[in-house]
Amino acid sequence: METLAKLTRFGLFDARVPRYTSYPTAPHFGPAVTGRALCDWISAIPAGSSISLYLHIPFCRRLCFFCACRTQGTSSDAPVRAYVATLKSEIALVKARLAPGVTLSRLHWGGGTPTLIPADLMRELSAALLDAAPLGKGAEFSVEIDPNEIDDARLDALAEAGMTRASIGVQDFDPEIQRLIGREQSYELTRSVIERLRVRGIRSLSTDILYGLPSQTTGRIAESVQKLLSLSPDRVALYGYAHVPWMSRRQLMIPTDLVPRAEERLQLFEVARDLLAWDGYRQVGIDHFARPDDGLAVAQAVGRLRRNFQGYTDDTAPVLIGLGASAISRFPQGYAQNAATTSDHVKAIRAGHFSTARGHVFAGEDLLRARIIEALMCDFRVSRAELSRFDVAPERLQALFDAAAQAFPGMLDLDASGLAIRPEARPLTRMIARAFDAYDQSNLPHSAAF
């Protein structure tokens, strides 16, 4: 109870903070980064480099009530086919600027629902991607799969293209909760799809489950987690549902009075976390869990864990190129984001140029603060020795550390090696990370701290 009182006093249950999948966060991007800058940044990638690529499919057959992602519904394949044609043109623009010998360390299809793409288009799209930059040795090709929107033909196409990891969103297996969030997906269907993936040699499985959903109780989330564990996923992302109907109109379909209170959210998380730990999963960062031999757990153990727009990753490639509407790219020079709307993105690509609409060029202490925040989010500690590569004066670094320690008295350990978040204070990680954020945090669309 004493720890809970401290967490409450520091604002855990009423503060709204970024998820820090980037720094600065996307709301701080501006118009200074253009398509010309993106062209220059792609052209500057050295020959023979290893990069990552993210492909965004913004379409869904159904729009789940809980989702706040930028997606659009479609009942036909016509807009999907037109969009894939645009993606192929965008891939050609990237290919024309890539130096020889560039390969992919990670390829991820996200959305939306990538698996609504017909099998023939999956083959065309993967062929275009791998022609521009083939998968490198040990590369990972992952796809977000909706069990309601997949069949054997599409599974075959993905397996033939070289998919190595499937990512399946579960959210919750309870039928009443599924009805309330507009996402009906039975345990039996999910298990069937996973079995069909494994028959095709796709052994690596990532899953998502949410806490804080309407009508969710500790008993219900325990049952859902136990069902999930019976499917033997390699990784589990345990995300907190962010109820933001003022930002995502579809969430108006969810009765606010059924959404658990902040203190109840913490209990739900702890029940799920304990069940995962008892089954042998290691906690990775603030909201991921992985088997000890999974790449995320290994990366955390050796200090290679990173964080990007897909969450935690063991990918250390310096470049991530985002393709598709609203996709974000990261380069050593900064961030570049494509036009948010599908129509604007398609219009730009059809005109023969990138749709870059906004971004950020790193300056000042951006890279230093970005690494401090990432280290805290990944490892709950940051090393002074590692930060020496940013050529920061020791007294300046000490001032940053002191300010955080003063803002969270008794929650941090500060010594000659660096700064660390105490185990009991880890629910405050995003808030502590915010102490190193130099950008204005007022009036930004953040989610609850827990």
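Salt bridge status for Asp174 with Arg220: present, with a side-chain N to carboxylate O gap under 4.0 Å. The residues Arg306 and Asp314 are annotated as not salt-bridged, no charged nitrogen and carboxylate oxygen being separated by less than 4.0 angstrom. For the pair Arg165 and Glu140, the salt-bridge criterion is met [side-chain N within less than 4.0 Å of a carboxylate O]. Salt bridge status for Glu184 with Arg179: absent, with no side-chain N to carboxylate O gap under 4.0 Å. With respect to the salt-bridge test (charged N to carboxylate O, under 4.0 angstrom), the residues Arg196 and Asp156 do not qualify.
Side chain of Arg422 to backbone of Gly410: a donor-acceptor contact under 3.5 angstrom is found. Distance alone, capped at 3.5 Å, is enough to place a donor-acceptor pair between the Ser248 side chain and the Cys67 backbone. Without hydrogens or angle criteria, Ser49 side chain to Ile45 main chain gives no donor-acceptor distance under 3.5 Å. A donor-acceptor pair under 3.5 Å is absent between the side-chain atoms of Gln185 and the main chain of Asn148, judged by distance alone. Put simply, the side chain of Thr207 gets close to the backbone of Arg235: a donor and an acceptor are under 3.5 Å apart. Under the 3.5 Å distance criterion, the side-chain polar atoms of Gln251 are matched with a main-chain donor or acceptor of Ala242. Counting only distance, with no hydrogens or angles, the side chain of Tyr312 and the backbone of Phe289 share no donor-acceptor pair below 3.5 Å. A distance-only check finds a donor-acceptor pair linking the side chain of Gln216 to the backbone of Leu210 [under 3.5 Å]. Of the possible polar contacts, one joining the Ser230 side chain to the Lys227 backbone as a donor-acceptor pair under 3.5 Å is found. Gln337 places no side-chain N or O within 3.5 Å of a backbone atom of Gly359 that could act as its donor or acceptor partner.
Residue pairs meeting the salt bridge (Lys or Arg N to Asp or Glu O under 4.0 Å) criterion with at least one partner in residues 378-387, sequence neighbours excluded, are Arg371-Glu386, Glu386-Arg389. Sorted by first then second residue, the salt bridge (Lys or Arg N to Asp or Glu O under 4.0 Å) pairs that include residues 278-290, not counting sequence neighbours, number zero.
Between Thr429 and Met377 the shortest side-chain heavy-atom distance falls below 4.5 Å. Put simply, the side chain of Arg198 reaches to within 4.5 Å of the side chain of Leu205, judged on heavy atoms. Within the 4.5 Å cutoff, side-chain heavy atoms of His288 are placed close to those of Leu296. Proximity of Cys378 to Gln300: side-chain heavy atoms (C-beta onward) are nowhere separated by under 4.5 Å. Side-chain contact check for Val244 versus Trp246: some heavy-atom pair is nearer than 4.5 Å. Put simply, the side chain of Pro214 reaches to within 4.5 Å of the side chain of Ile181, judged on heavy atoms. Looking at Thr164 and Ile202, their side chains never come closer than 4.5 Å, going by heavy atoms from C-beta outward. Looking at heavy atoms from C-beta onward, Ser215 lies in side-chain contact with Leu180 at the 4.5 angstrom threshold.
Residues forming a salt bridge (Lys or Arg N to Asp or Glu O under 4.0 Å) with Arg330 (at least two apart in sequence, or on another chain): none. Residues that satisfy the salt bridge (Lys or Arg N to Asp or Glu O under 4.0 Å) test with Glu264, not counting sequence neighbours, are Arg261. When the side chain to side chain contact (heavy atoms under 4.5 Å, CB included) test is applied to Glu149, the partners found at least two apart in sequence or on another chain are Arg61, Thr113, Thr115, Leu116, Asp146, Arg154. Residues passing the salt bridge (Lys or Arg N to Asp or Glu O under 4.0 Å) test with Asp315: none are found, sequence neighbours excluded.
Atom CZ of Arg430 is separated from atom OH of Tyr20 by 9.0 Å, given to the nearest 0.5 angstrom. Once rounded to the nearest 0.5 Å, the distance linking CD1 of Ile372 with CG of Leu419 reads 9.0 Å. To the nearest 0.5 Å, atom CG of residue Leu12 and atom CG of residue Leu266 are 6.5 Å apart. With rounding to the nearest 0.5 angstrom, the CE atom of Met122 is 8.5 Å from the CE atom of Met163.
Taking all atoms of both residues into account, the shortest heavy-atom contact from Ala336 to Val33 is CB-CG1, 3.9 Å. Taking all atoms of both residues into account, the shortest heavy-atom contact from Thr313 to Leu305 is O-CD1, 3.6 Å. Across every non-hydrogen atom of Ala405 and Leu414, the tightest pair is CB-CD2, 4.3 Å. What you find for Asp234 and Tyr281 is that their closest heavy atoms are O-CE2, 3.9 Å. Residues Phe380 and Gly285 share a closest heavy-atom pair of CZ-O, 3.4 Å. Taking each heavy atom of Ala407 and Phe10 in turn, the nearest pair found is O-CE2, 3.6 Å.
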Check the pair Tyr211 / Asp172 against side chain to side chain donor-acceptor pair (under 3.5 Å), numbers first and verdict last.
CA-CA 8 Å; Tyr211 67 90; Asp172 196 291; over 6 Å; no
Decide yes or no on side-chain contact (heavy atoms from CB on, under 4.5 Å) for Ile145 and Leu197, but give the supporting numbers first.
CA-CA 10 Å; Ile145 293 177; Leu197 283 163; 3.9 Å; yes
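Ring centroid separation for the pair Trp109 and Tyr54 does not come in under the 6.0 Å cut-off. Between His28 and Tyr439, a ring centre-to-centre spacing shorter than 6.0 Å is recorded. Between Phe436 and Tyr23, the ring center distance fails the sub-6.0 Å criterion.
In the model, Glu90 has a side-chain atom that pairs as donor or acceptor with a side-chain atom of His345 under 3.5 Å. A side-chain N or O of Arg250 and one of Thr71 form a donor-acceptor pair less than 3.5 Å apart. Between the side chains of Asn338 and His56, no donor N or O sits under 3.5 Å from an acceptor N or O.
Glu223 CD: 12 or fewer foreign heavy atoms inside a 6.0 Å radius.
Using the six-membered ring where Trp is involved, Phe173 and Tyr187 have ring planes that are perpendicular, over 60° apart on the 30 and 60° scheme. Between Tyr335 and Phe309, the two ring planes are perpendicular [angle over 60°; tilted spans 30° to 60°]. By the 30° and 60° cut-offs, the orientation of the rings of Tyr241 relative to His243 is tilted.
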